[in-house]
Amino acid sequence: MVKESKLDFLVIEKKWQKEWEKKKVFEVKENTKKKKYYVLEMFPYPSSSGLHMGHALNYTIGDIYARFMRMNKFNVLYPMGYDAFGLPAENAAIKAKEHPKKYTENSMKSFIMQQKALGLSYDWNRKVVTCEPEYYKWNQYFFLKFLENGLVYRKKAGVNFCRKCNTVLANEQVHNGKCWRHSDTEVEIKQLEQWFIKTTNYADELLRDIPKLQWPERIKTMQENWIGKSYGTEILFEINGKKWPIFTTRPDTIFGVTFMVVSAQHPRLMELVTEKQKKDVNNFIKKIKSTKQEDMDKFDKEGVFTGSYAVNPLTDEKIPVYAGNFVVADYGSGMVMAVPAHDQRDFDFAKKYKIPIKRVIEEDTKVITIEESLKPEFYKEVEKFAKIINKDGLSYIYANNIDKVFDIAKDKFIGDLWYIHSEGKVKKIMFHAKKENKIFYWNTEREIEEAKKYGRKIGIKEEQLDFNELREAYTANGILINSKGFNDLDSEEAKEHITKALEFKKLGSKKVQYKLRDWLISRQRYWGTPIPVIYCEKCGMVPVPESQLPVKLPEKVKFGKGNPLETNKAFVNVKCPKCKGKARRETDTMDTFFDSSWYFLRYEDNKNKKQAFDKKKVDYWMPIDQYIGGAEHAVMHLIYARFFTKALRDLGFFINKDKMDEPFMKLFNQGMLHGNDGNKMSKSLGNVINPIEMIDKYGSDSLRLALMSFASSDKDTNWDEKVLIGSYKFMNKIQDLFKKISKGKSSPRMESKINKTVKEISEEIKDFRYNIAIIKLRSLFEMIEQEQEVAKKDLESFLKMLSVFAPHISEELWHKMGNKDFISLAEWPKVDETKIDLKLEQQEENLEKTVSDIVNILRIIKEKQGKDAEKVYLYVIPNEKSSYNEGILSKRLNKEVKVFAVNDKNKYDPENKAGKAKPGRPAIYIE
RNA sequence: GCGGAGAUGCCGGAGUGGUCAAACGGAUCACGUUUAGGCCGUGAUGGCUUAGUGCCUACGAAGGUUCGAAUCCUUCUCUCCGCACCA
């Protein structure tokens, strides 16, 4: 049944994993004589479902890189840790009555066991676990440092609240506006005092430094959008005698403001609500179920009148103020001026509540004249992407991309080109005469009249704007109308002028606004780092003194009703550190993103009891040279970690400030591994593949190789066990080959191939094209198989390259060849460029071509004569004879093959084919 | 809604202007090996054609640029992913 030499991977893999651990092969120390390299994967959240295939993929990618750099003589730091605080552990506590600590510890144990089974070359000695007091103590320490330096503050913010649980819910715990545990209970929004970190202090630097990063472009774009810098104007509207600021990027539309909308989650909303409207507003707030962005989009724009009126600073008109569900509370000031004619959201809202719509911007109609004779051809070109409608003696072109119409007109059609305002007022005129190769600009009335007469007009509109039947807002720039002194200006100019006018009245100013908000780190949960603050009846908020850190999370708590920390009296009731009076402890814990924002600094010095990390050690290892993880962390984690690094830099935590601008120099995003059905792996779909089961079946070397073979590592791909079986077969073949191959001298052909392969594979690995590297390794292997004998050195080179992908079998074969050291620490093979012989490559190709010719002829003979030919004769140019080996050819063709030089007098050539031989192309005779 | 990625032969996937009927793997078929099957080896797998050739049709769809397109441009269709209390 079983093939005799079947790979006994279970024994081999366990053996080498033990050896590596025993001999501390992957443990590293700072060594200033060696160049360092820091490879890091995003550390996992240890969930009870264990390591999934996505993890295995992620870590294998990193491990290959770490092994590769190690073999290239870098001092490689490659650690692992666990992001061990978080909601799932707490949910498990509530539902399964298992303590989060136990849950987490069990999960971690199974993670570590599985990671070791994958043969990952971590320095386990540097493990970091965020839920241990030794770690989170430093969270608290950094929090206090931030507090000291004004980077932390408290502010009211809306949270999801379930009455039945008497607790705050995470967005994840809100399902369709209802509590995850009480599907009959509507989630309410409650305003609570929350802790914020001033990430916005660094908004500009975070944005500015993005171009420095060697990250995938899409991640960089995502970060740019997340930070979302926009230039606009802050305008003060007076409401009930008080000035309320709003931010807008469209001050040019201020004459079109017909109402104001304040976010339903705005902390000061109630100040605006009149006695009469209170009931309505309260009902409305209750109706809004969650703060989740996604849900907000699904709901219709809704709102309710607050009873108050604002005064438009330029028109003195009184305009109603509404509370609405579509205004984000923490962007800008949480209030907007609404211009229904020129903003789609405002438009929808105005239609719904029958608020007047006032149009203040009119679109530019652009007019081109095209010579009559050229018209048909022009139409033909334009019709490909636009619609042409004839109306009022004009041909209107409706296109998404007007500039393209102009480009076509300019490039191909001779005539005039001018832009006019739809009411006939000329904005800018351009006369374009291609023939004379000149461009003129005209702008007098007379010239315009003249221009209008010229030729046939074609008007182009970006969209139709019949105001009475307006179905959507006109959101593009244009020319101002109904705007008093600002009429006829175009939007961009008007923005400037209107802002200046507001500045003059001291009711507005230019402002740069970021979408990036301050980071809300308070969590009303148990399983996180306690925020080290105490509230004293006399002294107010008092930071916990550093000497009292860590504020430990109490173990004995009650889950399920309220915040477990709040109901724990021993934890809450404390003495004030200042006056020793009665005080209560902060019960909020920190967002786990806080933990993951600096964990990469703790690896360098994970056992330090006196400091979060030793400056010198961090100086040696940082920054991270290669960071690896999924795109789901594209914004949050990566921005917070960048912020943290910059903040710590400014607080003097690093020796070399310049070097510590950015924590992650290079970032690699692995693709998602889906199930074999193409869907995300998930329990409910039943398409989850457990890495450990696969390792038990085929071994981790095969699994690692397969994971890297599915597709390019940065692409999404589907699981397929057949690929794994293919890898497994390859492993077996390698083992068999090493048993029987004779060691001797490599042929020049072999030497050329191996050097070329080393060169290419090194490049492929550097660029994470592991799939291609494996293909090249397979191709090299095929050639080794064909050779009679191969030099020991070349076999070792092959093994070394294999070892980064399949470390166990490589280590085993390495030792079987008589090596006493570890291949994992061996030096990466060097390329000898002089051995790479392109002529040999050419010969190789010629041989392939000849083989396929022979096969082709054999097939035709069989078809025609109905029988198999038996003998194949080749006639080659004399100096090429050595590249056609009778033995190899016979084996491949499964026929007797004779090779003659064309000038061989004794050759067998009954049909005189030898004359047809050409260089690189032998003549063939078959019988 | 905003933002991002992608569509290649029976399947998975390489491939970014000619050397492409398109790497590599899988699957299937044929032959060899074998008592047989499996494993293993060799070859084939768009169509027609041919003693080692030539032609046609092909890379989501439709157009375009070019001497030349899987590759560049335009429009369309479809799929997937991220979006601040999940980590």
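Below, chain A is the first sequence line, B the second, and so on; all start at residue 1.
Proximity of a side-chain donor or acceptor of Gln194(A) to a complementary backbone N or O of Lys156(A) within less than 3.5 Å is not detected. Side-chain atoms of Ser779(A) never come within 3.5 Å of backbone atoms of Ile775(A) as a donor-acceptor pair (strictly under, hydrogens ignored). Counting only distance, with no hydrogens or angles, the side chain of Asp518(A) and the backbone of Thr200(A) share a donor-acceptor pair below 3.5 Å. With hydrogens and angles disregarded, a donor-acceptor distance shorter than 3.5 Å links the side chain of Thr589(A) to the backbone of Arg525(A).
Among the atoms of the strands shown, none is found under 4.0 Å from any heavy atom of Glu217(A). At a threshold of 4.0 angstrom between heavy atoms, the contacts of Phe730(A) with the nucleic acid are absent. Heavy atoms of Ala711(A) sit under 4.0 angstrom from primed sugar atoms or phosphate atoms, though from no base atom. Among the protein residues, Gln194(A) comes within range of the nucleic acid bases, having at least one heavy atom under 4.0 Å from a base atom. Using a 4.0 Å heavy-atom distance criterion, Trp519(A) is classed as making no nucleic acid contact. Across all strands shown, Leu858(A) has no heavy atoms under 4.0 Å from either base or sugar-phosphate atoms. No engagement by Pro216(A) is indicated, since no non-hydrogen atom pair under 4.0 Å with the nucleic acid exists. The residue Ser709(A) sits apart from the nucleic acid: no heavy atom pair falls under 4.0 Å. Among the heavy atoms of the strands lying under 4.0 Å from Thr717(A) are primed sugar atoms or P, OP1, OP2 only; no base atom is included. Nucleic acid contact class of Ile854(A) (heavy atoms, under 4.0 Å, all strands): none. Across all strands shown, His637(A) has no heavy atoms under 4.0 Å from either base or sugar-phosphate atoms.
Atom C1' of nucleotide rA51(B) and atom NZ of Lys849(A) are separated by 13 Å, given to the nearest angstrom. Put simply, CE on Met708(A) is 16 Å from C1' on rG12(B), counting in whole angstrom units. Taking atom CD1 of residue Ile219(A) and atom P of nucleotide rG82(B), one finds them 12 Å apart after rounding to whole Å. Separating the CG atom of Leu707(A) from the C1' atom of rG12(B) is a distance of 14 Å, rounded to the nearest angstrom. The distance between atom CG of Asp716(A) and atom C1' of rC80(B), rounded to the nearest whole Å, is 7 Å. Rounding to whole angstrom units, NZ of residue Lys515(A) and C1' of rG1(B) are separated by 11 Å. Between Met636(A) atom CE and rG82(B) atom P there is a gap of 13 Å when expressed in whole angstrom units. Per the geometry, CG belonging to Leu737(A) stands 11 Å off P belonging to rG41(B), to the nearest Å.
With sequence neighbours left out, Glu764(A) forms a salt bridge (charged side-chain N to carboxylate O under 4.0 Å, His left out) with Arg769(A), Lys776(A). Residues that satisfy the side-chain hydrogen bond (donor to acceptor under 3.5 Å, both in side chains) test with Ser49(A), not counting sequence neighbours, are Ser47(A).
Ring pair Tyr770(A)/Phe768(A) is tilted by interplanar angle, where 30° to 60° counts as tilted. Note: Tyr599(A) and Phe43(A) have parallel aromatic rings, judged against thresholds of 30 and 60 degrees for the angle between ring planes.
Under the 4.5 Å side-chain criterion, counting only non-hydrogen atoms from C-beta, Arg921(A) is in contact with Lys849(A). Counting only heavy atoms from C-beta outward, the side chains of Trp719(A) and Phe710(A) approach each other to under 4.5 Å. Counting only heavy atoms from C-beta outward, the side chains of Lys871(A) and Tyr873(A) approach each other to under 4.5 Å.
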message: With side chain to side chain donor-acceptor pair (under 3.5 Å) as the criterion, how do Trp598(A) and Asn139(A) come out once you've worked through the C-alpha distance, each side chain's angles and the decisive distance to 0.1 Å?
response: CA-CA 9 Å; Trp598(A) 69 279; Asn139(A) 277 347; 2.7 Å; yes
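You'll find that the side chain of Glu785(A) is closest to rG41(B), out of rG41(B), rA14(B), rG82(B). Closest to the Arg921(A) side chain, of the nucleotides rA14(B), rC85(B), rU53(B), is rU53(B). Closest to the side chain of Lys733(A), from the set rC86(B), rA84(B), rG41(B), is rG41(B). With rA84(B), rC86(B), rA14(B) as the choices, the nucleotide that has an atom nearest any side-chain atom of Ser712(A) turns out to be rA14(B). Closest approach to the Arg525(A) side chain among rA87(B), rA23(B), rC85(B) is made by rC85(B) (side chain taken as heavy atoms from C-beta onward). Here rU50(B) is the nucleotide among rU53(B), rC85(B), rU50(B) with the atom lying nearest to any side-chain atom of Arg859(A).
Between Lys913(A) and His674(A), the one whose closest nucleotide on RNA chain B sits nearer the 5' end is Lys913(A). Along RNA chain B, the nucleotide nearest Met672(A) and the nucleotide nearest Leu893(A) are compared for position; the residue whose nucleotide lies closer to the 5' end is Leu893(A).
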Pick out the pairs of N or O atoms, protein on one side and nucleotides 54-60 of chain B on the other, that lie under 3.5 Å.
none

Collect all protein-nucleotide pairs involving nucleotides 3-9 of chain B in which both atoms are nitrogen or oxygen and the distance is under 3.5 Å.
from: rG3(B); atom 1: O2'; to: Asn225(A); atom 2: ND2; distance (Å): 3.1

Please produce a list of atom pairs where a protein N or O lies less than 3.5 Å from an N or O of nucleotides 24-32 of chain B.
from: rG32(B); atom 1: O2'; to: Asn894(A); atom 2: ND2; distance (Å): 3.4

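Residues Phe594(A) and Trp195(A) keep their aromatic ring centres 6.0 Å or farther apart. Residues Trp519(A) and Phe196(A) place their aromatic rings such that the two centres sit no closer than 6.0 Å. Less than 6.0 angstrom separates the ring centroid of Phe85(A) from the ring centroid of Tyr136(A).
Ion pairing between Glu760(A) and Lys756(A) holds under the 4.0 Å rule for side-chain N and carboxylate O.
In RNA chain B, runs of at least 3 stacked Watson-Crick or G-U pairs (N1-N3 plus N6-O4 or O6-N4, or N1-O2 plus O6-N3, all under 3.5 Å) give these stems: B:1-7 with B:77-83, B:10-12 with B:24-26, B:27-32 with B:40-45, B:46-48 with B:54-56, B:60-64 with B:72-76.
Taking atom C1' in both rC59(B) and rU16(B), one finds a spacing of 13 Å when rounded to whole Å. Using C1' as the reference atom, rG9(B) and rG26(B) are 13 Å apart when rounded to the nearest Å.
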